Amino acid sequence: MRTRVAIIGAGVSGLASIRCCLEEGLEPTCFERGSDVGGLWKFSTVVTSIKKCPSFLVTGQWDIVVEKDGNQESIIFDAVMICSGHHVYPNLPTNSFPGLEKFQGSYLHSRDYKGPEVFRGKRVLVIGLGNSGSDIAVELSRLAAQVMISTRSGSWVMSRVWDDGYPWDMVYVTRFASFLRNILPPFVSDWLYVKKMNTWFKHENYGLVPLNGPLRKEPVFNDELPSRILCGAVSIKPNVKQFTETSAVFEDGTVFEAIDSIIFATGYDYAYPFLDDSVIKSRNNEVTLFKGVFPPQLGTPTLAVIGLVQSLGAAIPTADLQARWAAKVFAGSCILPSAKEMMDDIDEKMGKKLKWFGQSQTLQTDYITYMDELGSFIGTKPNIPWLFLTDPQLALEVYFGPCSPYQFRLMGPGKWDGARNAILTQWDRTVKPTRTRAIREAQRPRHFFNLLKMISFPVLLLAILLIFYS
């Protein structure tokens with residue numbers, strides 16, 4: 001009898017999980033509370049509870065209660081993949097802003113924002129300098145009378161168009177760049193990071209510079225925000241100290257008067273109300289998941305969380321690799337370490353997150369490092385030394401070029417014969433849509449040369465210091 005797997009959510013993580021389960025010979029059933037996706041899914045079905053069966057220690061099975069059209073049903077599954085994401089429950093921190101209860105205008109969470117037309121001619125305060133807050137502020141600035149963004153700590157703002165006009169992720173997310181970030185002394189790595197973030201414009205001059213610049217917090221991607229600030233259509237302010245009936249008083253003492261609307265772009269809380277908190281938060285209310293996927297204290301690894309990480313990399317390939325690993329664990333072809341080893345790894349990662357991102361409980365992780373860790377478990381991590389020996393052309397593109405998902409289809413389970421050609425021709429496909437007027441041959445970025453140029457100054461400075469003090 002095939003292993004029955006319940007998949008909660010039919011977003012990108014759920015779709016990847018379905019396919020991976022089928023590839024491993026498992027029997028997936030996907031529960032989706034919406035009604036947008038068809039096929040193997042149970043539409044408009046809400047999962048109300050997931051509990052261990054009384055025989056869990058022996059069978060690892062779960063009792064899942066679902067509800068549809070007011071009727072509840074209990075179903076037993078051998079394994080569970082939670083794929084409902086972390087952008088489900090809006091975080092509306094009304095208690096953090098004194099006087100908000102007196103405010104006479106309207107306020108809403110960015111999730112409820114549907115378009116700028118209803119704000120035409122109004123004075124709007126956007127709280128939060130994330131991707132949503134920046135996008136909304138830029139869009140509103142063309143119709144609203146005045147738009148201000150309030151930010152607690154600032155943020156680096158990046159353009160999607162990076163060096164020499166190439167897509168930022170294809171230039172920035174490379175194995176060589178990741179190698180440099182990890183081996184350079186912290187003061188050199190931090191200096192390079194801040195310098196790179198300020199290449200497009202000086203954040204200090206726009207009121208955007210983060211309070212702790214070297215921390216690798218997720219930057220904002222917005223190609224228009226600096227120009228909207230420059231022409232006065234958007235203004236940046238510090239955190240709100242308090243609200244009055246019609247205005248906001250900021251921590252620097254300035255006031256934004258006659259506010260019509262407040263939009264809270266304050267992110268989301270990740271929660272799984274259908275699951276006992278102790279399963280995922282097994283210690284001091286901390287999220288304790290091995291590699292962000294498996295609860296280490298279950299004893300029987302029959303529950304996986306897919307998509308509860310974020311990084312400066314593509315979300316879909318990350319969820320795909322998580323699902324490939326989880327499906328193999330459920331199928332018995334991959335074995336997890338002991339509970340102690342998994343908890344030790346979680347503690348080590350929390351320390352690194354504190355150093356790199358400023359908080360240990362963040363969902364952020366380093367994209368390439370994380371993908372390689374997952375790939376190592378299932379045998380799909382590219383063997384770079386072997387590639388340099390057997391296929392130097394491919395090795396150069398894998399190491400110095402974009403860390404595209406094709407790399408995890410070069411070898412091991414799920415190997416794709418077309419992966420090599422896809423990697424060697426990825427730049428051709430990238431520039432083709434923009435080359436509608438082709439005059440000369442398409443140009444590729446010179447990854448190695450650009451990175452050497454970037455690090456030449458700090459290396460030279462370090463050499464001078466060593467000579468001076470020797």
Side-chain angles (χ1 to χ4, degrees), residues 8-14 32-37 43-48 67 83-153 155 157 218 220-225 228 233-237 239-240 242-248 250 256-274 307-308 310 315 363:
I8 316 302
V12 293
S13 299
E32 169 57 44
R33 66 180 181 180
S35 57
D36 304 272
V37 186
F43 309 115
S44 306
T45 304
V46 177
V47 174
T48 60
E67 182 176 324
C83 307
S84 52
H86 53 272
H87 293 133
V88 179
Y89 303 100
N91 173 37
L92 195 61
T94 54
N95 294 331
S96 301
F97 296 95
L100 183 61
E101 70 280 358
K102 304 175 186 175
F103 181 65
Q104 296 176 354
S106 63
Y107 66 84
L108 68 153
H109 190 271
S110 57
R111 185 181 185 183
D112 299 316
Y113 173 86
K114 303 303 179 185
E117 190 60 41
V118 295
F119 300 95
R120 180 183 293 274
K122 294 186 177 181
R123 296 164 62 85
V124 183
L125 173 64
V126 178
I127 295 181
L129 183 61
N131 287 301
S132 297
S134 300
D135 287 345
I136 289 171
V138 166
E139 188 173 61
L140 287 175
S141 68
R142 297 184 176 89
L143 294 179
Q146 188 171 1
V147 178
M148 284 193 179
I149 299 177
S150 169
T151 174
R152 248 182 339 187
S153 56
S155 180
V157 178
E218 184 180 11
V220 169
F221 290 92
N222 195 295
D223 297 296
E224 298 181 73
L225 182 60
R228 302 309 291 169
V234 175
S235 300
I236 307 296
K237 286 292 184 179
N239 197 34
V240 174
Q242 67 179 48
F243 286 101
T244 68
E245 288 83 354
T246 59
S247 62
F250 301 103
F256 185 20
E257 301 278 4
I259 301 174
D260 295 299
S261 298
I262 304 167
I263 300 176
F264 286 90
T266 44
Y268 294 81
D269 293 322
Y270 51 92
Y272 303 108
F274 45 76
L308 192 62
Q310 58 189 42
L363 300 179

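The shown structure was predicted, so the numbers you read here are calculated from the model rather than taken from an experiment.
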J.: Ring centroids only, cut at 6.0 angstrom: are Phe97 and Phe264 within range, meaning strictly under it?
T.: yes

J.: Could you grab the distance from atom OG of Ser150 to atom CZ of Phe256, nearest 0.5 Å is fine?
T.: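 Rounded to the nearest 0.5 Å, the OG-CZ separation comes to 11.0 Å.
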
J.: What residue among Val147, Thr246, Asp260 forms side chain to side chain contact (heavy atoms under 4.5 Å, CB included) with Arg123?
T.: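 Only one option passes, and that is Asp260.
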
J.: Atom OG in Ser106, atom NZ in Lys122: separation rounded to 0.5 Å?
T.: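 It comes to 6.0 Å.
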
J.: Just verifying a value: how many Å separate Leu225 CG and Ser155 OG, rounded to the nearest 0.5 Å?
T.: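 Here the interatomic distance stands at 9.5 Å.
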
J.: Apply side chain to side chain contact (heavy atoms under 4.5 Å, CB included) to Phe274 and Thr48, showing your working.
T.: CA-CA 5 Å; Phe274 45 76; Thr48 60; 5.9 Å; no

J.: Do Ile259 and Tyr107 come close enough that some side-chain heavy atom pair is under 4.5 Å?
T.: no

J.: Nearest 0.5 Å please: distance from the CD1 atom of Ile262 over to the CG atom of Leu100.
T.: 5.5 Å

J.: Can you confirm whether more than 12 heavy atoms, excluding those of Phe221, are under 6.0 Å from its CZ atom?
T.: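 Yes - once you tally the heavy atoms of other residues, nucleotides and ligands closer than 6.0 Å, there are more than 12.
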
J.: Test Phe250 against Met148 for side chain to side chain contact (heavy atoms under 4.5 Å, CB included), laying out the working first.
T.: CA-CA 11 Å; Phe250 301 103; Met148 284 193 179; 4.2 Å; yes

J.: Consider side chain to side chain contact (heavy atoms under 4.5 Å, CB included). Of Val46, Ile8, Thr45, which one does Arg33 pass it with?
T.: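 Single pass found, and it is Val46.
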
J.: May I have the list of side-chain donor-acceptor pairs in residues 86-93 shorter than 3.5 Å, sequence neighbours left out?
T.:
| residue | atom | partner | partner atom | Å |
| --- | --- | --- | --- | --- |
| His86 | ND1 | Gly307 | O | 3.2 |
| His86 | NE2 | Gln310 | OE1 | 3.2 |
| Asn91 | ND2 | Thr266 | O | 3.1 |

J.: With a 3.5 Å cut-off and no angle check, do the side chains of Asp135 and Asn222 form a donor-acceptor pair?
T.: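 Judged by distance alone, the side chains do pair up.
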
J.: Tell me, do Leu129 and Ser134 make a side-chain contact under 4.5 Å, heavy atoms counted?
T.: yes

J.: Roughly how far, to the nearest 0.5 Å, is the CG atom of Asn239 from the CD1 atom of Ile127?
T.: 7.5 Å

J.: Which atoms form the tightest heavy-atom contact between Ala265 and Ser110, and what is the distance?
T.: CA-OG, 3.7 Å

J.: Might you point out which heavy atoms bring Gly115 and Glu139 nearest each other, and give the distance in Å?
T.: CA-OE1, 4.4 Å

J.: Can you label the angle between the Tyr113 ring and the Phe119 ring as parallel, tilted or perpendicular, going by 30° and 60°?
T.: parallel

J.: Does Arg152 have more than 12 heavy atoms from other residues, nucleotides or ligands lying within 6.0 Å of its CZ?
T.: no

J.: List for me each residue that meets side-chain hydrogen bond (donor to acceptor under 3.5 Å, both in side chains) alongside Glu117, sequence neighbours excluded, and say none if there are none.
T.: Arg120

J.: Rounded to the nearest 0.5 Å, how far does CD1 of Ile236 lie from CD1 of Ile149?
T.: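 Answer for the CD1-CD1 pair, Ile149 versus Ile236, is 4.0 Å.
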
J.: Work out which heavy atom in Val124 is nearest to a heavy atom in Ala144; give both atom names and the distance.
T.: CG2-CB, 4.3 Å

J.: One pair to check against side chain to side chain contact (heavy atoms under 4.5 Å, CB included): Asp112 and Ile263. What are the steps and the verdict?
T.: CA-CA 9 Å; Asp112 299 316; Ile263 300 176; over 6 Å; no

J.: Taking only residues two or more places apart in sequence or in another chain, which ones pass side-chain hydrogen bond (donor to acceptor under 3.5 Å, both in side chains) with Ser247?
T.: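 Once residues adjacent in sequence are excluded, the partners of Ser247 under the side-chain hydrogen bond (donor to acceptor under 3.5 Å, both in side chains) criterion are Thr244.
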
